[in-house]
There are 2 protein chains.
Amino acid sequence: MIFRGRYEYTIDPKGRVNIPSRFREQLTEAGQESIVITNYSGCIYAYPSAEWERIEEKLASKVSSVNRKKNAFVRFFAGGAVEVTPDKQGRILIPPSLRSYAELGRDVVILGMPNRFEIWDRERWDVEVGRFEKEGFEDPELAREIDSLGI
Amino acid sequence: MIFRGRYEYTIDPKGRVNIPSRFREQLTEAGQESIVITNYSGCIYAYPSAEWERIEEKLASKVSSVNRKKNAFVRFFAGGAVEVTPDKQGRILIPPSLRSYAELGRDVVILGMPNRFEIWDRERWDVEVGRFEKEGFEDPELAREIDSLGI
DNA sequence: CACCTTTCCCCACAATTACCCACTAGGCGC
DNA sequence: GCGCCTAGTGGGTAATTGTGGGGAAAGGTG
């Protein structure tokens, strides 16, 4: 499932954020009511629960590894995961641990991505965009790949 | 699908822009009702939905990568994408996130391109044209590439 | 067990968007 | 010139979406 678009919302004093109605629609069409959110790369990753389960399986096959770093990753990534379901108005409650990890203030940005969507603090997102616009095209390898997309 | 021509329109207070009737005609002939618009290089890129899906597949194959810069690119480019369908009068509504990115004022310019068309704020477009005319031919590499096109 | 905090479920209002219809200007044929 | 058609613009209204908050239920703590 691919999510599209960028949306701006506010988190209310209770810590609730709206989910874009288009995303909700896609989820219900796929027969999925719940979402799994976790912490990663300075923002919150949100997966349809079925997609998350797929990821979990992959993680499980690696967790038996004695590799300490892999284990640390799994603890962080999977350990942060929480399953949430939108309320009647289509909002989810972001638990304090995730809220503080992503430093979510009042204004947030929700981004569609392939397989998931992401929730960013607005200011952090602005910084991220700035960095991309500055560094992005200086990387010759990335520039070549973008060229090859034929956009 | 190749779009041709440059058109000038106004965005009304509700954020709607007209799509050139010639373009609309091309789209319906190809059996495509919807358009995907996204943000790039200071303007809005508009693709026939089928064309966009082709790009999306390529992007999706890169997103699993942990490469931070690639992710940043996908976030920005795919995250900006929204599917829209013209209303009965042939207009589309540009979402606030894109309108602000491209700094669309009242007057906009729509440009035909191969595979897509672009929506520019009129003033920005004027600046862009000016820059090209001033710098364009001073870049030897670009001059060579243009030469090699055989136009 | 009592108390406090957090979460859930509901209702209410504001803002935005979708879906109409109407008007104007210009091009074209008669 | 006159009427007709099409393209572009503007606006009204209904429906949907987003935001805020009250109060009950659930959970944690001394």
Side-chain angles (χ1 to χ4, degrees), chain A residues 3-29 33-37 44 46 80-101 104-112 117 119-122, chain B residues 3-29 33-37 44 46 49 81-101 104-112 117 119-122:
Chain A
F3 298 98
R4 289 184 187 139
R6 182 170 58 238
Y7 304 83
E8 302 202 359
Y9 296 111
T10 55
I11 298 191
D12 70 20
K14 291 183 180 180
R16 297 174 296 188
V17 211
N18 192 51
I19 303 296
S21 65
R22 290 201 193 192
F23 292 2
R24 277 168 0 221
E25 213 174 290
Q26 281 180 266
L27 289 166
T28 54
E29 269 173 29
E33 355 65 84
S34 67
I35 301 167
V36 176
I37 57 178
I44 291 174
V82 185
E83 187 166 2
V84 293
T85 26
D87 67 13
K88 218 179 178 182
Q89 280 74 254
R91 292 170 295 192
I92 57 169
L93 181 69
I94 312 239
S97 58
L98 293 180
R99 221 182 309 165
S100 69
Y101 167 80
L104 298 184
R106 188 172 178 278
D107 296 314
V108 300
V109 176
I110 297 191
L111 299 171
F117 56 91
I119 305 173
W120 289 75
D121 174 70
R122 197 183 184 292
Chain B
F3 298 99
R4 294 204 187 95
R6 181 165 63 238
Y7 306 82
E8 302 204 358
Y9 296 110
T10 56
I11 297 190
D12 69 21
K14 290 183 179 179
R16 298 174 295 188
V17 211
N18 192 49
I19 303 297
S21 63
R22 181 86 192 81
F23 292 1
R24 275 168 2 221
E25 213 175 291
Q26 281 180 264
L27 289 166
T28 54
E29 270 172 28
E33 356 65 82
S34 66
I35 301 168
V36 176
I37 57 179
I44 291 174
S49 55
V82 186
E83 187 167 1
V84 293
T85 25
D87 67 12
K88 223 178 176 182
Q89 279 74 255
R91 293 170 294 192
I92 57 169
L93 180 70
I94 312 245
S97 57
L98 293 180
R99 223 181 307 164
S100 69
Y101 167 80
L104 298 184
R106 189 172 177 278
D107 297 314
V108 300
V109 176
I110 297 191
L111 298 170
F117 56 91
I119 305 173
W120 289 78
D121 173 69
R122 197 182 183 293

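Hydrogens, waters and symmetry mates play no part in the numbers below; they use all other heavy atoms, side chains included.
- R24(B) is linked by a side-chain hydrogen bond (donor to acceptor under 3.5 Å, both in side chains) to N18(B), counting only residues two or more places apart in sequence or in another chain.
- Within the structure, the side-chain hydrogen bond (donor to acceptor under 3.5 Å, both in side chains) test picks out no pair touching residues 92-101 of chain A (sequence neighbours left out).
- Spacing between atom CG of D12(A) and atom P of dT6(C) amounts to 14 Å, rounded to whole angstrom units.
- When heavy atoms are screened at a 4.0 angstrom cut-off, R24(A) is found touching the sugar-phosphate backbone but no base atom.
- At dT6(C), none of the side-chain N or O atoms of R99(A) fall inside 4.0 Å of OP1 or OP2 (strictly under the cut-off).
- Qualifying side-chain hydrogen bond (donor to acceptor under 3.5 Å, both in side chains) partners for T85(B), counting only residues two or more places apart in sequence or in other chains: none.
- Looking at heavy atoms from C-beta onward, I35(A) lies out of side-chain contact with F23(A) at the 4.5 angstrom threshold.
- Rounded to a whole Å, the CD atom of E8(B) is 11 Å from the P atom of dT9(D).
- Atom CZ of R22(A) and atom P of dT16(D) are 15 Å apart (whole Å).
- Using cut-offs of 30° and 60° for the angle between ring planes, the F117(B) and F3(B) rings count as perpendicular.
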Strictly under 3.5 Å: I want the nitrogen or oxygen pairs between protein and nucleotides 22-25 of chain D, one per line.
residue, atom, partner, partner atom, Å
dG22(D), N7, K14(A), NZ, 3.4
dG22(D), O6, K14(A), NZ, 2.3
dG23(D), O6, K14(A), NZ, 3.3

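- As a whole-Å value, the separation of Y9(B) OH from dT24(C) C1' is 16 Å.
- Of the residues in residues 82-89 of chain A, those with a non-hydrogen atom less than 4.0 angstrom from any atom of DNA chain D are Q89(A).
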Dot-bracket encoding of pairs in DNA chain C, which uses [ ] for pseudoknotted crossings and | for another strand, Watson-Crick or G-U under 3.5 angstrom
||||||||||||||||||||||||||||||
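- Of the possible donor and acceptor atoms, none in the side chain of R22(A) sits under 3.5 Å from a partner among the backbone N and O of V82(B).
- Atom C1' of nucleotide dT16(D) and atom CG of N18(A) are separated by 12 Å, given to the nearest angstrom.
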